[in-house]
Amino acid sequence: MASLTLPPAPPNPRQDAIDLHKAFKGFGCDSTTVSNILAHRDSMQRGYIQQEYKTMYSEELSRRISSELSGNHKKAMSLWILDPAGRDATVLKEALSAESLDLKAATDIICSRTPSQLQIMKQTYYAKFGTYLEHDISQQASGDHQKILLAYVGIPRYEGPEVDPTIVTHDAKDLYKAGEKKLGTDEKTFIRIFTERSWAHMAAVASAYHHMYDRSLQKVVKNETSGNFEVALLTILRCAENPAKYFAKVLRKSMKGLGTDDKTLVRVVVTRTEIDMQYIKAEYYKKYKKPLADAIHSETSGGYRTFLLSLVGSH
């Protein structure tokens with residue numbers, strides 16, 4: 001369930017473009033107006049506004065935002081105005097570039113997306129950057145981490161809720177043999193099962209594993225693997241079981257301790273607002289006994305804070 005709130009009557013994209021242009025004009029930018037408009041328009045409406053803006057003022061809205069806003073507010077708004085696949089592609093391109101390499105962010109995006117989201121995103125990635133996502137993964141990731149990412153973006157998995165109990169039991173046994181039962185770990189088996197099976201199936205495997213061996217599959221992954229390979233396996237497993245709980249945890253980590261990991265905070269808020277932010281807020285409150293909006297409020301300030309809170313919503 002999305003947390004995005006829209007005006008009761010569908011807004012006119014031309015009028016929005018005019019109002020945005022007015023907010024940019026003059027000395028300093030009226031960032032409140034910019035946020036009030038864009039934070040309450042869905043992906044399609046934002047697309048129309050950008051077309052109208054370009055037609056009327058012969059410049060890209062994204063360029064204007066880049067020159068008018070600054071810091072985290074600019075980063076968040078620049079990502080928000082993109083369509084979901086373009087946004088994921090943009091975050092991935094940055095995360096897989098040598099000068100801003102962030103393999104954890106790349107893993108988070110890839111391993112938390114559905115097969116259909118990944119398909120569209122791969123096409124967008126190539127259209128936008130003229131290079132294949134697989135090529136960039138091969139360049140920057142290595143070992144089992146590289147193998148699992150390439151398999152995850154390459155294999156079309158089933159997305160429905162049905163599972164075959166026989167295969168589930170078989171997979172649980174195979175994972176036991178590949179991990180706990182032997183000395184060392186057979187990573188190939190982990191990669192095969194985690195990248196070929198649907199989320200519903202993986203959730204059933206985790207439950208069967210617990211039932212059969214009285215051990216949590218997450219704990220097994222933590223014991224048997226390490227580094228970004230472990231991050232990939234855990235992300236797949238947690239998103240299979242409960243994506244909202246997974247993202248609540250990622251958000252909590254981004255705001256815990258000294259300083260804020262704004263990059264992660266922006267990425268999760270902006271990419272989940274139109275998908276499941278209401279569920280994420282519920283999971284966040286359940287686990288950390290504090291509303292997500294309060295946590296964001298205490299970690300951010302100014303126009304940046306206002307914008308994120310407009311997306312997340314207070315209830």
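- Annotation: the span from Thr5 atom OG1 to Arg41 atom CZ amounts to 10.0 Å, rounded to 0.5 Å.
- Atom CG of Leu265 is separated from atom CG of Asn72 by 8.5 Å, given to the nearest 0.5 angstrom.
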Pairs under 3.5 angstrom only: tabulate donor-acceptor contacts from the side chains of residues 17-24 to other protein residues two or more places apart or in another chain.
residue, atom, partner, partner atom, Å
Asp19, OD1, Gln15, NE2, 3.0

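- In this structure, the side chain of Thr185 engages the main chain of Glu224 through a donor-acceptor pair within 3.5 Å.
- A salt bridge links Arg14 and Glu52; the closest N-O separation between the charged side-chain nitrogens and carboxylate oxygens is under 4.0 Å.
- Just one residue in the list Leu292, Asp261, Thr264, Thr300 forms a side-chain contact (heavy atoms from CB on, under 4.5 Å) with Met255, and that residue is Leu292.
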For this session: Any chance you could lay out the side chain to side chain contact (heavy atoms under 4.5 Å, CB included) test for His201 and Val168, step after step, and finish with the verdict?
Result: CA-CA 7 Å; His201 182 96; Val168 168; 3.6 Å; yes
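- Between Glu134 and Lys122, at least one side-chain nitrogen of the basic residue sits less than 4.0 Å from a carboxylate oxygen of the acidic one, meeting the salt-bridge criterion.
- Side chain of Lys287 to backbone of Lys245: no donor-acceptor contact under 3.5 angstrom is found.
- The side-chain hydrogen bond (donor to acceptor under 3.5 Å, both in side chains) test applied to Lys54 returns Glu60, not counting sequence neighbours.
- No more than 12 heavy atoms of other residues, nucleotides or ligands shown are found within 6.0 angstrom of NZ on Lys188.
- Listed by first and then second residue, the ring-ring contact (aromatic ring centres under 6.0 Å, His included) pairs that reach into residues 133-187 are Tyr176-Tyr213, sequence neighbours excluded.
- Going from atom CG of Leu69 over to atom SG of Cys29 covers 5.0 Å, rounded to the nearest 0.5 Å.
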For this session: Decide side chain to side chain contact (heavy atoms under 4.5 Å, CB included) for Val268 and Ser254; before the verdict, give the C-alpha distance in whole Å, the side-chain angles of both, and the deciding distance to 0.1 Å.
Result: CA-CA 10 Å; Val268 176; Ser254 76; over 6 Å; no
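- Checked against side-chain hydrogen bond (donor to acceptor under 3.5 Å, both in side chains), Ser43 has no partners two or more places apart in sequence or in another chain.
- Between Lys263 and Glu94 there is a salt bridge, since at least one side-chain N of the basic residue sits less than 4.0 Å from a carboxylate O of the acidic one.
- Here the closest heavy-atom approach between residue Leu82 and residue Ser78 is recorded as CG-O, 3.6 Å.
- Between the side chain of Arg215 and the backbone N or O of Val220 there is no donor-acceptor pair closer than 3.5 Å.
- For the pair Gln119 (side chain) and Pro115 (backbone), a donor-acceptor distance under 3.5 Å is absent.
- Contacts of Thr169 classified as side-chain hydrogen bond (donor to acceptor under 3.5 Å, both in side chains), with partners at least two apart in sequence or in another chain: none.
- A distance of 6.5 Å separates CG of Leu175 from CE of Met202, quoted to the nearest 0.5 Å.
- Side chain of Glu159 to main chain of Ser116: a donor-acceptor pair is present (N/O by atom type, distance under 3.5 Å, no hydrogens or angles).
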Problem set entry | Steps toward side chain to side chain contact (heavy atoms under 4.5 Å, CB included) verdict (Asn228, Val231) | CA-CA 5 Å; Asn228 284 318; Val231 172; 4.2 Å; yes
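- The aromatic rings of Tyr125 and Phe129 stand perpendicular to each other, their planes meeting at an angle above 60°, with 30° marking the opposite boundary.
- Interatomic distance, Ile193 CD1 to Thr189 OG1, rounded to the nearest 0.5 Å: 6.0 Å.
- Atoms CH2 and CG, on Trp199 and Leu237 in that order, are 11.5 Å from each other to the nearest 0.5 Å.
- Listed by chain and number, the residues in a side-chain contact (heavy atoms from CB on, under 4.5 Å) with Ser35 are His73, Met77, Phe307 (sequence neighbours excluded).
- Remark: the backbone N or O of Ser3 is not paired with any side-chain donor or acceptor of Lys281 at under 3.5 angstrom.
- Residues passing the salt bridge (Lys or Arg N to Asp or Glu O under 4.0 Å) test with Arg305: none are found, sequence neighbours excluded.
- Side-chain atoms of Lys289 come within 3.5 Å of backbone N or O of Lys286 as a donor-acceptor pair.
- Counting only distance, with no hydrogens or angles, the side chain of Asp42 and the backbone of Gln45 share a donor-acceptor pair below 3.5 Å.
- Under the rule for a side-chain contact (heavy atoms from CB on, under 4.5 Å), the partners of Val91 that lie at least two apart in sequence or sit in another chain are Leu79, Ile109, Arg267.
- Ion pairing of Asp174 with Arg192 is present here, as a side-chain N (NZ or NE/NH1/NH2) and a carboxylate O approach within less than 4.0 Å.
- A search for side-chain contact (heavy atoms from CB on, under 4.5 Å) contacts involving Ala200 returns Val163, Ser198, not counting sequence neighbours.
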Problem set entry | Evaluation steps, side chain to side chain contact (heavy atoms under 4.5 Å, CB included), between Leu133 and Leu96 | CA-CA 9 Å; Leu133 173 60; Leu96 293 170; 3.7 Å; yes
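- Among residues two or more places apart in sequence or in another chain, the salt bridge (Lys or Arg N to Asp or Glu O under 4.0 Å) test is passed with Glu230 by none.
- Arg87 meets the side-chain hydrogen bond (donor to acceptor under 3.5 Å, both in side chains) test with no other residue; sequence neighbours excluded.
- Under the ring-ring contact (aromatic ring centres under 6.0 Å, His included) criterion, the residue pairs touching residues 243-300 are Tyr284-Tyr288, with sequence neighbours excluded.
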Problem set entry | Steps toward side chain to side chain donor-acceptor pair (under 3.5 Å) verdict (Asp88, Gln117) | CA-CA 9 Å; Asp88 278 353; Gln117 285 171 333; over 6 Å; no
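- Using a 4.0 Å cut-off between a side-chain N of Lys or Arg and a carboxylate O of Asp or Glu, Asp136 and Lys93 qualify as a salt bridge.
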